[in-house]
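What you see below is based on every heavy atom in this structure, not just the backbone, and it leaves out hydrogens, waters and symmetry mates. To find a chain, count down the sequence lines: A is the first, B the second, and so on, and within it residues start at 1.
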2 protein chains.
Amino acid sequence: MTTIRDVARKAGVSVATVSYVINGTRNVAPETAARVRAAMEELNYHPNAVAQSLRTRSTHVIGAVISDISNPFFATLIKGAEDCARKNGYSLLICNTSEKLENELVYLQLLSRKRVDGMIIAPTGKNDALIKDLIERGMQIVLIDRKMEGVSAPAVLSENEQGAYQATRYLLDHGHRRIGIVLGLPHVSTTTERLLGYRRALAEDGIAEDPSLIVYGHSQVGGAREASVKLLNRPDRPSAVFATNNLMTIGLMTAIHDLGLRCPRDVSVIGFDDFDWAAAFEPPLTTVAQDPYLIGERAVEILFANLNQAHRSTPEIRIPTRFLPRGSVQKL
Amino acid sequence: MTTIRDVARKAGVSVATVSYVINGTRNVAPETAARVRAAMEELNYHPNAVAQSLRTRSTHVIGAVISDISNPFFATLIKGAEDCARKNGYSLLICNTSEKLENELVYLQLLSRKRVDGMIIAPTGKNDALIKDLIERGMQIVLIDRKMEGVSAPAVLSENEQGAYQATRYLLDHGHRRIGIVLGLPHVSTTTERLLGYRRALAEDGIAEDPSLIVYGHSQVGGAREASVKLLNRPDRPSAVFATNNLMTIGLMTAIHDLGLRCPRDVSVIGFDDFDWAAAFEPPLTTVAQDPYLIGERAVEILFANLNQAHRSTPEIRIPTRFLPRGSVQKL
DNA sequence: GCTATATATCTAAACGTTTAGTCTAACCGT
DNA sequence: ACGGTTAGACTAAACGTTTAGATATATAGC
C-alpha cells in the first residue's frame with residue numbers, strides 16, 4: 001500500500017504539504033498542489049482512513065444495533081439511516097442482537113472499542129446500565145423504535161398508542177366486540193404502548209377487558225402462530241384480531257390458514273406495519289403503516305445534530321402512523 | 001478515554017506488559033497479570049480498536065456491497081453473512097448501491113480507504129475494472145448472488161438456471177403453453193441465467209419462443225407492475241407468468257389485482273424467492289425458494305478461508321434452490 | 001560456581017496520518 | 001533600506017497500539 005510518504009517523496013515535498021492538499025486545510029501553491037495530485041494519481045494513492053481516524057479521533061462510522069436485519073421493518077429503517085449517513089460521509093456498522101441481552105452487551109462493547117462516532121439502538125430493554133454508562137462517557141446515542149425509561153438519549157419512535165387506538169377503534173366501529181390482540185415481546189415499549197392504545201379504545205366503549213384475548217407471540221412468527229391458534233381455538237373465538245407487528249401478522253395469518261378459517265369471513269384482521277405485499281394478496285390487509293425509513297433517517301439526523309453541538313438535546317420524536325383500511329375487516 | 005498507558009501506570013508496569021496480558025502474546029507472571037486486569041477493570045479500559053487496526057493492519061471489518069438492504073433477499077443474505085462474521089470476530093459495513101454503478105464505485109473506494117479486510121459484493125455488473133484492480137492489489141473479494149465474467153474471485157450463487165427450468169417445466173407439465181416471464185435487470189447474471197432455464201424448458205417441449213412474452217421490470221416493484229400490466233393486457237394473454245425475483249412477483253401480483261384478474265383462476269403464477277408471507281396469504285404462492293442466508297454465510301466462510309491462505313482459491317459455489325408447489329398454479 | 005537456558009519485563013520503533021509551530025523568502029509601505 | 005506582514009513549505013510530535021529485541025532475574029545442569 002502506498003502511503004502519504006511515498007506521495008511526498010515522488011512530488012518532492014513534505015508529508016505535511018501532501019496532507020494539506022488532500023484536506024485543503026492550508027494554502028499551498030497551485031503548481032505544488034498540481035504536482036502532489038499528479039503523484040497521488042500516478043501512485044494510485046488512497047489515504048488510510050484508519051490512520052486518519054486515530055489521529056483525528058473520528059471514525060465516520062456509526063453503529064446500528066437492531067434486533068434483526070431480516071425483519072423488513074428494521075431493514076427499511078436501516079436503509080433510511082444509511083442513506084442519511086452516506087450523505088454526510090458516514091458509514092453504518094450493523095449489529096443484530098436477536099433480541100438477546102447478551103448480544104446487545106457484546107455489541108455495545110465492540111462498537112465502543114471501535115470508537116464509532118455514534119450509535120442508533122433499538123434496545124432489548126433490560127439493559128439500561130451499559131447504555132447509561134456509554135452516554136456518560138460521551139457516546140452519542142439515539143434510541144430507535146423503542147425507548148428506555150431513565151436514559152437521557154433522544155428517541156425516534158412511532159405513534160404506537162395512537163396507531164393501536166385507531167386500529168381498535170376501527171374494529172369497534174365495524175361492530176366487533178370480542179377483539180383479540182397478538183403482541184410481541186412483553187417488555188419493550190412498543191408492545192406496552194400498543195397495548196395501551198388497544199385498551200383505550202375498548203374502555204371508550206365500555207368493554208371489559210378479557211385477559212384471555214391478549215396473547216404474546218414474542219416477536220417470532222412461530223410464536224405468533226402458536227399463540228394465534230390457541231386464541232382462535234377458544235370456544236368464544238374473537239371476531240377480530242389485531243396483530244401488533246409484521247411478524248405477528250404473518251403468524252396470525254398462517255394460523256388462520258392452517259385452521260381452515262377464512263379472513264375476513266371468519267375472522268377480521270388488522271396488522272401493524274405495512275409492506276408491499278400487504279395490498280397485493282388476498283385479503284388485502286388493513287394495516288397501521290409505520291414509516292421505518294423515516295425513523296432511521298431522522299435518527300441519524302438527530303445524531304449528527306448532537307455530534308456538532310456542545311450541549312445535546314434529548315427530544316422524543318414521534319413519527320405518525322397511517323391507517324390503511326383495505327379488505328381484511330368485515331362489518332358485523 | 002483511558003489508554004493503555006494509563007493502565008500501565010496504574011498497574012506499575014510497562015505498556016508492553018499490558019498489551020501482552022490483553023492479547024496473551026507472551027508470558028506474564030500471574031500476579032502481574034492480575035494487577036493489570038484489576039487496573040483495566042478499575043479504569044474501565046477498553047482497547048482502542050482503531051489504534052490496533054493501524055498497528056496490526058487488520059480492521060476485522062468486512063464490507064458488504066449490495067443493491068438494497070430493504071430487499072428481503074439481501075436482508076436475509078446479510079443476516080447470514082453477519083452471523084458468520086461475528087462468530088469469527090468480524091463486523092459488517094453495509095453499502096446500498098441501489099443498482100447504480102456510480103454508487104458502487106464510490107463505495108468500493110470508501111471500503112478500500114477504510115482498509116476493510118475483505119468485501120462481499122453483489123456487483124451491478126458493468127464495473128469489472130475497479131474490482132479487478134482491487135483484487136490485484138490484494139483485496140479479498142467474494143461475489144454474491146451475481147457473477148462477473150473475467151474477474152477471478154470466488155462467487156456464491158443460486159442454481160438459477162436449474163431453478164427457472166424447474167418452474168417453467170412445472171407450468172408446462174400443468175398444460176400451460178403461453179408462459180410469460182417477468183425479468184429483473186437486463187445485464188446481471190441472475191437474469192440471464194434464469195432466462196436460460198426458462199428457454200431450455202420451452203425448447204424441450206418444442207415451443208417457439210415468443211419475444212412479446214418476455215418483459216423486464218428492472219428490479220423495481222413499479223416497473224414490474226407496469227410490465228405485467230402490458231403483458232396481461234395482450235389479446236393473447238399468457239395463461240401463466242413466471243416472476244424471476246421477489247420484487248417482480250409483488251409487481252406482478254399487484255398488476256393482477258389491479259386488472260381485476262384472479263390468480264390462479266385467470267392466470268397462474270410462480271415466483272422466484274420464497275418468504276414467510278408467500279404461504280400465509282391467498283393464493284399460497286408456488287415459488288422457487290433461494291437460500292439467501294446460506295449464500296451470505298458461505299460467502300464470508302470462503303472469504304475467511306482465503307484470508308488465511310497464501311494462495312487463494314476462486315471457486316464458484318452454487319446453492320441449490322427448492323421448488324415449492326403451492327396453490328398459485330392451475331392445471332389446464 | 002559457572003554457564004546455559006528459561007522466564008518476566010522493559011525500551012523503543014513502528015503503523016500512517018494531522019497539525020501546531022517554525023522557518024524562509026518575497027513583498028509592501030514608509 | 002528596513003521592520004512588518006504574508007504565503008508557502010517544512011519539522012516533529014502526537015494519536016494508541018503491537019512487537020522485536022534488549023535486559024534482568026531466576027532455575028537448572030554440571
Side-chain angles (χ1 to χ4, degrees), chain A residues 1-37 39-40 43-61 89 109-117 137-138, chain B residues 1-37 39-40 43-61 89 109-117 137-138:
Chain A
M1 271 288 153
T2 99
T3 75
I4 201 174
R5 203 153 264 116
D6 302 321
V7 176
R9 198 175 307 127
K10 174 141 223 154
V13 298
S14 74
V15 295
T17 303
V18 178
S19 176
Y20 294 138
V21 352
I22 292 172
N23 302 298
T25 35
R26 267 202 196 178
N27 279 338
V28 4
E31 57 269 29
T32 318
R35 219 155 11 108
V36 168
R37 265 187 271 272
M40 297 200 302
L43 296 173
N44 201 345
Y45 168 73
H46 295 277
N48 183 327
V50 175
Q52 291 179 315
S53 293
L54 178 59
R55 177 57 220 232
T56 63
R57 301 155 154 270
S58 158
T59 52
H60 279 218
V61 171
Q109 301 276 13
L110 176 72
L111 292 175
S112 162
R113 281 213 312 277
K114 284 206 182 294
R115 300 295 191 267
V116 296
D117 290 351
R137 14 183 55 178
Chain B
M1 270 288 152
T2 100
T3 76
I4 200 174
R5 200 152 267 116
D6 302 322
V7 176
R9 196 174 309 126
K10 175 143 222 155
V13 297
S14 73
V15 295
T17 303
V18 178
S19 176
Y20 295 138
V21 350
I22 292 172
N23 302 296
T25 36
R26 268 203 195 176
N27 278 339
V28 4
E31 58 271 28
T32 318
R35 219 162 1 114
V36 169
R37 265 188 271 272
M40 297 201 300
L43 297 173
N44 202 344
Y45 168 73
H46 296 277
N48 182 327
V50 175
Q52 291 179 315
S53 293
L54 179 61
R55 176 58 220 230
T56 63
R57 302 158 150 272
S58 159
T59 52
H60 280 219
V61 172
Q109 302 276 13
L110 176 72
L111 292 175
S112 162
R113 281 213 312 277
K114 283 206 182 295
R115 300 296 191 266
V116 296
D117 290 352
R137 16 185 52 179

So, the side chain of Lys114(A) versus the backbone of Thr59(B): is there a donor-acceptor pair under 3.5 Å, distance only? yes
In this structure, how many angstroms lie between the C1' atom of dC10(C) and the CZ atom of Arg9(B), rounded? 16 Å
Closest-nucleotide ordering on DNA chain C, the 5'-leading residue of Thr17(B) and Arg5(A): Thr17(B)
Any side-chain heavy-atom pair from Asn44(A) and Arg137(B) closer than 4.5 angstrom? yes
Mind checking if Thr56(A) touches a base, just sugar-phosphate, or nothing, with heavy atoms under 4.0 Å? sugar-phosphate
So Val13(A), base contact, sugar-phosphate only, or nothing? Heavy-atom distance under 4.0 Å. sugar-phosphate
Looking at Thr2(B) and Leu43(B), what are the two nearest heavy atoms and their distance? CG2-O, 3.4 Å
Under 3.5 Å: donor-acceptor pair, side chain of Thr17(A), backbone of Val13(A): no
If we only count heavy atoms from C-beta on, is the Met1(B) to Asn48(B) side-chain gap below 4.5 Å? no
Roughly how far, to the nearest 0.5 Å, is the NZ atom of Lys10(B) from the OH atom of Tyr45(B)? 15.0 Å
Closest heavy-atom pair and its distance - Pro47(A), Gln52(A): CB-NE2, 3.6 Å
Mind grabbing the angle between the end helix axes of the helix from dG1(C)-dC30(D) to dT30(C)-dA1(D)? Five pairs an end, 10° rounding. 40°
Which sits closer to the 5' end of DNA chain C, Ala16(B) or Thr2(A), going by the nucleotide each is nearest to? Ala16(B)
Would you call Val18(B) and Arg5(B) a side-chain contact if the rule is heavy atoms closer than 4.5 Å? no
Can you give the first and last nucleotides of DNA chain D, 5' to 3', that have an atom under 4.0 Å from a heavy atom of chain B? dG16(D) to dA22(D)
Under 4.0 Å, counting only non-hydrogen atoms across every strand here, what does Thr3(B) touch: a base, just sugar-phosphate, or nothing? sugar-phosphate
In short, Ser53(B) meets Ser58(B) closest at the heavy-atom pair OG-O, 3.2 Å
Using a cut-off of strictly less than 4.0 Å, decide whether Thr32(B) has a side-chain nitrogen or oxygen near OP1 or OP2 of dT9(C). yes
Give a yes or no answer on whether the side chain of Asp6(A) reaches the backbone of Thr3(A) with a donor-acceptor pair at less than 3.5 Å. yes
For Ser19(A) and Ile4(A) the tightest heavy-atom approach is N-CD1, 3.8 Å
Would you jot down, in residue-number order, the residues of residues 20-30 of chain A having a non-hydrogen atom under 4.0 Å from DNA chain D? Tyr20(A), Arg26(A), Asn27(A), Val28(A), Ala29(A)
